[in-house]
Structure formats: C-alpha cells, structure tokens
Novice: 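Take a look at the following structure, please.
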Number of protein chains: 4
Amino acid sequence: MLDDIATSAADGSASGETKGSKTAKRVRAAALKLFARHGYAAVSMRQIASEVGVQPGALYNHFPTKQHILKDLMLQHMRGLHDAWADWTKQRADTADPLESFVSFHIGYHLQRADEVFVSYMELRNLEPENFREIEATRQSYEAILTEILNTGAAAGRYEVADPRVATRAIIAMLTGIPTWYRQGGSLTRHDIETIYLDMVRKSVAPGPDQTPKGAG
Amino acid sequence: MLDDIATSAADGSASGETKGSKTAKRVRAAALKLFARHGYAAVSMRQIASEVGVQPGALYNHFPTKQHILKDLMLQHMRGLHDAWADWTKQRADTADPLESFVSFHIGYHLQRADEVFVSYMELRNLEPENFREIEATRQSYEAILTEILNTGAAAGRYEVADPRVATRAIIAMLTGIPTWYRQGGSLTRHDIETIYLDMVRKSVAPGPDQTPKGAG
Amino acid sequence: MLDDIATSAADGSASGETKGSKTAKRVRAAALKLFARHGYAAVSMRQIASEVGVQPGALYNHFPTKQHILKDLMLQHMRGLHDAWADWTKQRADTADPLESFVSFHIGYHLQRADEVFVSYMELRNLEPENFREIEATRQSYEAILTEILNTGAAAGRYEVADPRVATRAIIAMLTGIPTWYRQGGSLTRHDIETIYLDMVRKSVAPGPDQTPKGAG
Amino acid sequence: MLDDIATSAADGSASGETKGSKTAKRVRAAALKLFARHGYAAVSMRQIASEVGVQPGALYNHFPTKQHILKDLMLQHMRGLHDAWADWTKQRADTADPLESFVSFHIGYHLQRADEVFVSYMELRNLEPENFREIEATRQSYEAILTEILNTGAAAGRYEVADPRVATRAIIAMLTGIPTWYRQGGSLTRHDIETIYLDMVRKSVAPGPDQTPKGAG
DNA sequence: AATGAATGAGTGTTCATTCAT
DNA sequence: TATGAATGAACACTCATTCAT
C-alpha cells in the first residue's frame with residue numbers, strides 16, 4: 001500500500017523531463033543531504049561542491065545562488081507531493097474513507113522522503129520573503145486538502161471536529177513528526193507505523209460517543 | 001488554568017537577583033529571540049552583542065562560546081519544564097485524569113515559551129555530541145512522563161494504545177507544533193486551543209468504539 | 001668562492017616556472033621578510049596579504065594555514081641547504097681540508113640567506129610538534145655533516161676536539177650568528193668575514209701545541 | 001668555580017632592595033618563563049595573569065604595559081650581568097688570564113639563567129625603539145669588556161685576532177648558544193662544558209702556529 | 001591590590017560569489 | 001562546464017587595556 005507511491009521525482013533519471021544536467025542533479029542530492037543533516041545556514045557551497053566532487057565555482061553553472069538551491073529543493077518537494085497525491089487519488093478514486101486515504105498517502109510519501117520533509121519544514125525561515133510566499137502557498141494548498149476532507153466529513157457527520165483548520169494542523173504535525181524518529185530496521189515496520197497512526201488520527205476526529213457529549217455537554 | 005504557570009525563571013528581569021551581571025540574562029534573552037527567528041547557525045555573536053547593546057567581546061565574559069549559549073538555553077528550558085511539571089502535579093495531586101492534566105500543562109507551558117520550544121526542537125542538531133546527549137536525556141525523561149501515563153491508563157482500560165511510546169511521540173508532536181502557528185490575538189484564545197487539543201488527544205487514545213472493531217474489539 | 005652559491009631557488013622569480021600561481025611565491029617572499037623582521041607570532045595574515053597586494057582570503061588558496069607557510073619556509077630552507085652542500089662537494093671533491101670547505105660553504109650560503117637563517121633558528125618554537133620534528137631532523141642531519149668531519153679529522157690527528165658534537169654546536173653557533181650583525185656595505189667584505197671566521201674555527205679545533213698540554217695539564 | 005656566581009638578583013627575596021611587591025615578582029617570573037618558551041608576541045597578558053593566579057587587570061597594578069614587563073626583564077638581566085661581572089673581577093682581581101676569566105664567568109652566569117639569556121637575545125626585535133636603544137647599549141657595553149680583553153691581549157702578543165670586534169661576536173655567539181641545547185642531568189656537567197668551551201675559545205684566538213703562517217706570520 | 005566587566009581593535013579563517021581561462 | 005584564483009565581507013574568538021567597585 002505504501003510502496004507503490006512514486007519515487008520518480010527523487011532521482012529524476014527516469015522520467016522524460018531531464019530537469020537540468022547530471023551535475024545539477026548531483027548538486028540537488030548533495031545539498032538535500034547536507035541541508036537535512038546540518039541545516040541550510042550551516043552548510044557552505046564548498047561543502048556541497050566537495051560532496052559533488054567539483055570546485056565551488058562550478059555550482060554557479062547550475063544554480064545562481066545558494067538560496068536558489070534551497071528554493072528549488074523545497075519547490076520540487078511540494079510539487080512532487082501534490083503530483084503524488086493527484087496520482088494516488090486517480091488510482092484509488094473510490095476508496096471508502098478519504099481521511100484514511102490521505103493519512104496513508106501522507107505517511108507513505110513522507111517516510112520515503114525523510115530528508116525532503118525535514119528540510120521543507122525546518123528551513124522555511126531561511127527562505128527569502130518572496131520564495132517563502134511561494135513555498136508557503138503550495139504548503140497551504142496541500143494542507144487544504146486535509147481541511148476539506150475534514151470539513152466534508154464533519155458535515156456528513158462522519159467526523160467531529162471543533163475547528164477543521166486546527167485539526168488539520170494537529171494531524172499534519174503528528175504525521176510529519178514521524179520521520180524525525182522513525183528509523184528503518186527498527187522493531188516497527190512502516191506498515192505498523194501506518195496502522196498505529198491511522199488508528200489515532202481516526203479516533204481523534206471521531207464523533208465522540210462519550211466525550212464532549214454534544215447535547216448534554 | 002493556563003495562566004498560573006510560572007514565568008519567573010524565564011526572563012529573570014525581576015528583583016531578587018544577586019546584583020552584578022544582568023548582562024548574562026540579556027545575552028540569553030537576545031540569543032533566544034534571535035535563534036528562534038533565524039536559527040542558531042544563521043545568528044552571529046555580533047548580532048547577539050548588538051541586540052544586547054554591547055561589544056562582541058563582552059559576550060565572552062559570560063559565555064565561553066556560542067555553543068555554550070545554545071546549550072545553556074536548552075538546558076534551562078528542559079529544567080524549567082521538569083520543575084514546572086513537578087510544581088503542577090504538586091498543586092493538583094488528585095485531578096481526575098492524568099492525561100488531561102499532562103496535556104493541559106504541556107499546552108499551557110509551551111504556549112508561554114514559544115521561542116524556547118522552537119529552539120529546543122529545531123537546534124538539537126546544532127548541539128555538539130556531548131551537549132546533545134545531555135539535552136536529549138532530559139527530553140526523553142520528560143516524554144517518559146507521558147508514556148508512563150499512557151501505560152498506566154492502558155493497563156487500567158482507560159486508554160487504548162497500540163504502542164505507548166509511539167503514541168507519546170504522536171501526541172508530543174501534535175502539541176509541540178502549536179506554537180509554530182498559534183499567534184496571540186487571533187480568533188482563538190489559549191483556552192480554545194487547549195479545549196480543542198485536549199479533545200483530540202483524549203479521543204485519539206480512547207478505547208475504540210469503532211476501530212479494532214465492533215463486537216470483537 | 002662565495003658568490004657561486006646558487007640563488008635560484010630562493011626568490012624563484014625566474015622564467016622557467018609553470019605559469020599560473022606566482023602568488024604562492026610572493027606569499028613566501030613576503031612572509032619570509034616579515035617573519036624575519038617581526039617574528040612569526042607578531043606577523044598577521046593581513047600583513048602578509050597586504051605585502052603581497054592581495055586580500056587576506058586569497059592566501060588560503062595557496063597555504064591552508066599560517067603555520068603551513070612557516071613550515072614551508074623552513075623546510076625549503078633546510079632542503080636548499082642540503083642540496084647546496086651536495087652541489088658544493090660535487091664541484092670540489094678533492095679540496096684539501098674538509099673543515100675549511102664546510103666553513104666556507106656555510107658562511108657563503110648563510111650570508112646570502114640572512115632572512116631564511118634567522119627565521120629557521122628563531123621560529124623553531126613556533127612550529128607545531130609534528131612540524132618541529134620534521135624540521136629538527138633535517139637540521140640535525142646537516143649538523144651531522146660537520147660532526148663527521150670533526151670525527152674523521154680528529155681520528156686522523158688533524159684536529160683535536162674533546163667532544164665533536166659539542167664542538168659542532170659551538171662552531172655552528174659562531175657561524176650562524178654572523179647574519180645577525182653583518183651588513184653588506186660595511187667595512188668588512190664577505191671575503192674578510194670568511195677569512196676571519198675560517199681562521200678562528202681552524203684554530204679552535206687545532207691540535208693544541210701549548211694549550212691543554214695533555215700530559216703536563 | 002661556577003657555583004659561586006651570585007643568584008641573588010633572580011628571586012630577589014633576600015637582598016635589601018625589595019624591587020616591588022610580591023606579586024610584581026611573580027609576574028616577572030611568570031612572564032620570563034612564558035616569554036622564553038613561547039616568545040613575547042605569542043604570550044598574552046591573560047596567560048601571564050593565569051600563571052600568577054590573578055585576573056588580567058591586576059597585572060596593571062604592577063606594570064603599565066606588556067612592553068614594560070619585557071623591558072624590565074631584559075634590563076634586570078643586563079644589569080645583573082654587569083653587576084655579577086663586577087663582583088667576579090673584584091673577587092679574583094689577579095687571575096692569570098683575563099680571557100679565561102671572562103669565558104668562565106660568562107658560561108657560568110648564562111648556564112644559570114637560560115630563560116633570561118634566551119629572552120634577552122630573542123626578543124630584542126620586540127622592544128620598542130627607545131627600549132631597544134637602552135638595552136642594546138648595555139649589551140654592547142658588556143661585549144666591550146671582551147673586546148677590550150682581546151685588544152689588550154693582542155697588543156701584548158698573547159692572542160692573535162684579525163678584528164677584535166668580530167672575534168668578540170664570534171665568541172659571544174658561541175658561548176651564548178650553549179643554553180639553547182645544554183640540559184642539566186645529561187652526560188656533560190657544567191664543568192665539562194666550561195672546560196671544552198674554554199679550550200676552544202683559547203685556541204681560537206691563540207697566536208697561530210699555522211695560520212697567517214710560517215715565516216712571514 | 002584585586003576583581004569583573006567592558007571596550008575597540010585585531011586574530012586566523014571561512015564565506016558566497018565572480019571571472020578569466 | 002569546470003577550474004583556480006580572487007574579492008570583500010563576515011565569522012567566532014582573543015587581544016591589551018581601562019575602570020568602577
């Protein structure tokens with residue numbers, strides 16, 4: 001269920017759009033790895049160049065500034081996320097519960113992109129204002145998917161949420177935290193993780209049989 | 001309920017302090033603010049000094065290195081958290097539900113320390129190994145409080161959690177994310193936030209009426 | 001006799017050099033001059049850069065640290081000394097007295113390299129331990145040449161020295177002190193210097209006809 | 001013969017003149033040791049203060065600047081040298097050979113003051129011009145003693161030196177080099193050293209049986 | 001005399017970036 | 001495209017020195 005989420009965008013060597021030279025790809029890969037481990041501000045162009053196996057000046061044949069590399073990584077991640085969600089919904093249009101579907105998708109996609117996720121959430125403050133606005137817009141439009149699911153479901157009585165936007169943030173925060181501690185090869189498989197979180201999310205927005213008992217509250 | 005959490009230790013601008021160096025405190029305050037906004041690596045000692053209104057060299061009368069400032073901030077935050085929890089439980093020993101108590105405390109404490117929380121979660125990777133170990137130990141001992149609550153409650157049939165340590169992480173992530181988006185003066189009061197999250201957390205670990213489902217649950 | 005000692009390696013401003021970085025050589029020249037005048041510790045990279053006519057950062061394209069510049073200078077000096085001695089002995093294999101030959105060579109070579117000599121003897125303590133060991137080894141192997149000459153000559157009855165290693169140090173100290181006070185254009189020519197010192201050294205290790213009269217001492 | 005050279009000036013605790021406070025003496029001792037090991041420019045006031053066991057600011061109660069400490073050390077050394085020479089000649093007015101007497105004295109005095117000697121010869125270039133002139137004058141007046149001995153002895157036919165001032169420098173350099181390599185507890189006693197160097201010096205200025213040679217000498 | 005805190009300048013080194021080759 | 005060398009600004013940190021206490 002998880003494993004059929006596309007990996008294509010990551011290395012980019014397969015798809016039709018070349019997305020820049022071979023070196024540009026290796027720069028992206030090196031920067032992603034280094035930004036994720038040490039943070040954007042703590043990584044120098046020299047380190048990236050060294051990881052790529054090239055002199056610092058060569059990087060500027062592919063990205064005009066360090067900031068462009070960061071923006072490029074985050075934009076590609078957000079676009080990949082949107083595209084993957086579009087694919088996912090296309091392939092399983094009629095799945096029973098849309099919340100379950102979203103959570104499955106989100107966990108699956110994010111567990112395979114720990115570095116991208118980490119960078120995208122940690123380095124927002126290092127984006128220059130204009131870049132921030134652009135990335136933030138795509139991030140919000142992704143979160144809006146979940147908000148819409150919650151809204152629709154709540155209207156239908158399937159879920160009970162006091163504030164769908166707050167609930168969205170709570171759920172996203174919960175799910176996005178996974179890659180910060182989950183390590184492959186531990187006692188829990190990705191499927192275990194998915195099951196546990198799916199259960200918690202589902203219950204967290206479930207119509208309360210006892211809690212906040214509506215009428216008698 | 002939220003507002004009675006102590007603020008004294010944080011800014012320390014109060015009266016009873018020894019006499020001499022208020023500067024150290026102002027350095028801590030400036031660094032906290034700047035680290036939270038721009039990140040440890042992106043903040044220079046010059047910026048901190050300038051914010052304090054002092055020459056850069058003067059910082060070194062109070063902290064031997066930049067790294068020491070970071071460690072000091074994080075250690076003080078974690079200790080404050082533990083101490084505040086100890087106070088909290090002392091004052092309300094017999095509260096009905098310990099999970100509810102913990103969540104109330106956590107939200108209340110963290111909403112008043114957005115910067116400390118942000119720095120403590122974002123800058124872990126910028127701690128030198130030995131400092132990291134020290135901070136991480138206190139962080140884990142804090143999370144263990146929640147794990148223990150879940151464990152005990154699950155044994156008593158009050159909660160239903162597949163894996164208390166995973167549930168701990170999920171809940172902590174959810175709650176800790178609040179200060180990243182919550183802004184005072186918005187449409188939601190702190191009390192609203194507390195109510196919403198309390199409800200979601202409670203339900204997320206509630207014995208499942210539907211999940212693991214039906215008759216055989 | 002003195003003037004035929006090669007000067008080629010020292011300034012290297014000659015023609016046959018590869019092409020690109022003449023800068024490294026100019027850095028060496030500037031550092032040598034400044035270290036000799038003010039001492040390694042008292043000279044800043046900024047001063048060197050300024051003397052070269054370049055920004056401080058540019059120095060690091062040629063030498064990874066200030067310490068490397070010092071080591072490079074000293075190593076090059078010691079190697080040049082060894083090589084020049086090898087050349088010298090090749091060209092005058094059958095000279096009557098080897099002590100005389102050594103002293104002539106030593107004075108001649110050192111008078112042309114006052115700065116190198118000064119730095120090499122003054123800055124030993126500013127070498128990091130590993131560099132010190134390396135330089136010290138070459139220095140000792142140079143002094144061993146003189147010790148061997150004294151040993152052989154003493155065995156043949158040509159000289160009389162109580163302890164050849166102590167005599168070596170005495171002679172080297174005497175000769176090496178010359179560039180600290182000798183200034184070209186004064187009343188003494190290099191040839192005068194050579195004659196005077198040659199005489200003193202020769203006598204200092206001469207078989208004593210009257211002094212320490214052996215049996216009657 | 002060596003050991004009766006006065007040690008009084010070094011610690012200064014015995015003699016009538018107090019030469020400043022107890023702390024001032026400890027500052028001098030600390031600075032001497034550190035300057036000798038690492039060089040004036042490489043030693044900070046903080047290091048000296050730390051060695052003394054005091055805060056940096058306290059040093060300025062005893063010496064107005066770092067440069068004053070250096071000058072003080074060198075001046076005291078040179079004065080001690082002159083005074084000790086005066087004592088020495090007073091006590092042994094009629095000794096047979098004045099050159100032998102001078103060499104004995106010089107070796108004996110310098111072997112007991114390795115640090116002072118080292119600093120006095122190495123740090124001349126770190127003296128500010130006026131201080132340099134002052135120290136240099138006393139140094140030259142000390143060397144003049146030897147020059148005078150050589151002059152007188154040459155006139156009497158006891159020695160044969162081409163240029164007494166050059167010979168002075170050669171001899172002083174030879175002797176002054178001793179403390180750079182001599183270590184107590186090695187295979188050679190101070191008496192051995194004295195004997196060896198005395199012999200070499202004596203011969204180096206002896207009327208030449210071979211040099212300036214033969215009949216026409 | 002000594003401290004603790006500060007200054008203002010300076011340290012060696014690294015930074016993102018540029019550019020002739 | 002890539003290199004090697006350079007720039008100009010900045011980095012964390014240290015310096016000698018001052019001064020109120």
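FYI, side chains are in, hydrogens and waters are out, and symmetry mates aren't considered; it's all heavy atoms of this structure.
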Novice: The criterion is side chain to side chain contact (heavy atoms under 4.5 Å, CB included); which residues satisfy it with A:Ala41, sequence neighbours excluded?
Specialist: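 Only B:Ala41, B:Ala42 meet the side chain to side chain contact (heavy atoms under 4.5 Å, CB included) criterion with A:Ala41.
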Novice: Given atom NZ of A:Lys22 and atom P of F:dA2, what is their separation to the nearest angstrom?
Specialist: 12 Å
Novice: Quick one: list whatever passes salt bridge (Lys or Arg N to Asp or Glu O under 4.0 Å) with B:Arg28, sequence neighbours left out.
Specialist: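 Salt bridge (Lys or Arg N to Asp or Glu O under 4.0 Å) check on B:Arg28 returns B:Asp72.
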Novice: Tell me the interatomic distance from A:Lys25, atom NZ, to F:dT1, atom P, rounded to whole angstroms.
Specialist: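 Rounding to the nearest Å, NZ of A:Lys25 and P of F:dT1 are 11 Å apart.
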Novice: Just jot down the side chain to side chain contact (heavy atoms under 4.5 Å, CB included) partners of B:Tyr60, sequence neighbours excluded, or say none.
Specialist: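 Residues passing side chain to side chain contact (heavy atoms under 4.5 Å, CB included) with B:Tyr60: B:Met45.
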Novice: Atom CG in C:Leu34, atom CD in C:Gln47: separation rounded to 0.5 Å?
Specialist: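 If I round to the nearest 0.5 Å, the distance is 6.0 Å.
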Novice: Should A:Thr23 be listed as having a side-chain N or O under 4.0 Å from OP1 or OP2 of F:dT1?
Specialist: no
Novice: Quick one: list whatever passes salt bridge (Lys or Arg N to Asp or Glu O under 4.0 Å) with A:Arg125, sequence neighbours left out.
Specialist: B:Glu123
Novice: Can you tell me which stems DNA chain E forms, taking runs of 3 or more consecutive Watson-Crick or G-U pairs with both distances under 3.5 Å?
Specialist: E:2-21 with F:2-21
Novice: In whole Å, what is the span from the NE2 atom of D:His68 to the P atom of F:dT18?
Specialist: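 So the two atoms are 11 Å apart, to the nearest Å.
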Novice: Under the rule for side chain to side chain contact (heavy atoms under 4.5 Å, CB included), what residues qualify as partners of B:Arg26, not counting sequence neighbours?
Specialist: B:Val52
Novice: Going by heavy atoms closer than 4.0 Å, what residues in residues 55-64 of chain B are next to DNA chain E?
Specialist: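 Residues of residues 55-64 of chain B that come under 4.0 Å of DNA chain E are, in numerical order, B:Gln55, B:Gly57, B:Ala58, B:Asn61, B:His62.
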Novice: CD1 of C:Ile69 versus P of E:dG12: gap in Å, rounded?
Specialist: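 Value for this atom pair: 10 Å.
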Novice: Quick one: C:Glu128 CD to E:dG12 C1', roughly how many Å, whole number?
Specialist: 12 Å
Novice: Under 4.0 Å between a Lys/Arg side-chain N and an Asp/Glu carboxylate O for C:Glu136 and C:Arg139?
Specialist: yes
Novice: Please identify each residue that fulfils side-chain hydrogen bond (donor to acceptor under 3.5 Å, both in side chains) with A:His77, with sequence neighbours left out.
Specialist: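 For A:His77, no residue satisfies side-chain hydrogen bond (donor to acceptor under 3.5 Å, both in side chains) once neighbours in sequence are set aside.
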Novice: Just grab all the salt bridge (charged side-chain N to carboxylate O under 4.0 Å, His left out) pairs involving residues 47-56 of chain C, residues at least two apart or on different chains.
Specialist: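 Qualifying pairs, neighbours excluded: C:Lys33-C:Glu51.
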Novice: Report the distance from atom CD of B:Gln47 to atom P of F:dA10, rounded to the nearest whole Å.
Specialist: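 Value for this atom pair: 11 Å.
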Novice: For DNA chain E, determine which residues of residues 37-46 of chain C have any heavy atom closer than 4.0 angstrom to one of its atoms, and list them numerically.
Specialist: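 Within this stretch, C:Val43, C:Ser44, C:Met45, C:Arg46 sit under 4.0 Å of the strand.
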Novice: Can you give each donor-acceptor pair under 3.5 Å made by side-chain atoms of residues 63-71 of chain D, sequence neighbours left out, with the distance rounded to 0.1 Å?
Specialist:
from: D:Thr65; atom 1: OG1; to: D:Gln67; atom 2: N; distance (Å): 3.3
from: D:Thr65; atom 1: OG1; to: D:His68; atom 2: N; distance (Å): 3.1
from: D:Thr65; atom 1: OG1; to: D:His68; atom 2: ND1; distance (Å): 2.7
from: D:Lys66; atom 1: NZ; to: D:Tyr40; atom 2: O; distance (Å): 3.0
from: D:Lys66; atom 1: NZ; to: D:Val43; atom 2: O; distance (Å): 2.7
from: D:Gln67; atom 1: OE1; to: D:Glu128; atom 2: N; distance (Å): 2.8
from: D:Gln67; atom 1: OE1; to: D:Asn131; atom 2: ND2; distance (Å): 3.1
from: D:Gln67; atom 1: NE2; to: D:Tyr40; atom 2: OH; distance (Å): 3.3
from: D:Gln67; atom 1: NE2; to: D:Asn126; atom 2: O; distance (Å): 3.1
from: D:Lys71; atom 1: NZ; to: D:Glu134; atom 2: OE1; distance (Å): 3.1

Novice: Which residue pairs pass the salt bridge (charged side-chain N to carboxylate O under 4.0 Å, His left out) test when at least one of the two sits in residues 36-47 of chain C, sequence neighbours left out?
Specialist: C:Arg37-C:Asp115
Novice: How long is the line joining NZ of C:Lys66 and P of E:dT14, in whole Å?
Specialist: 15 Å
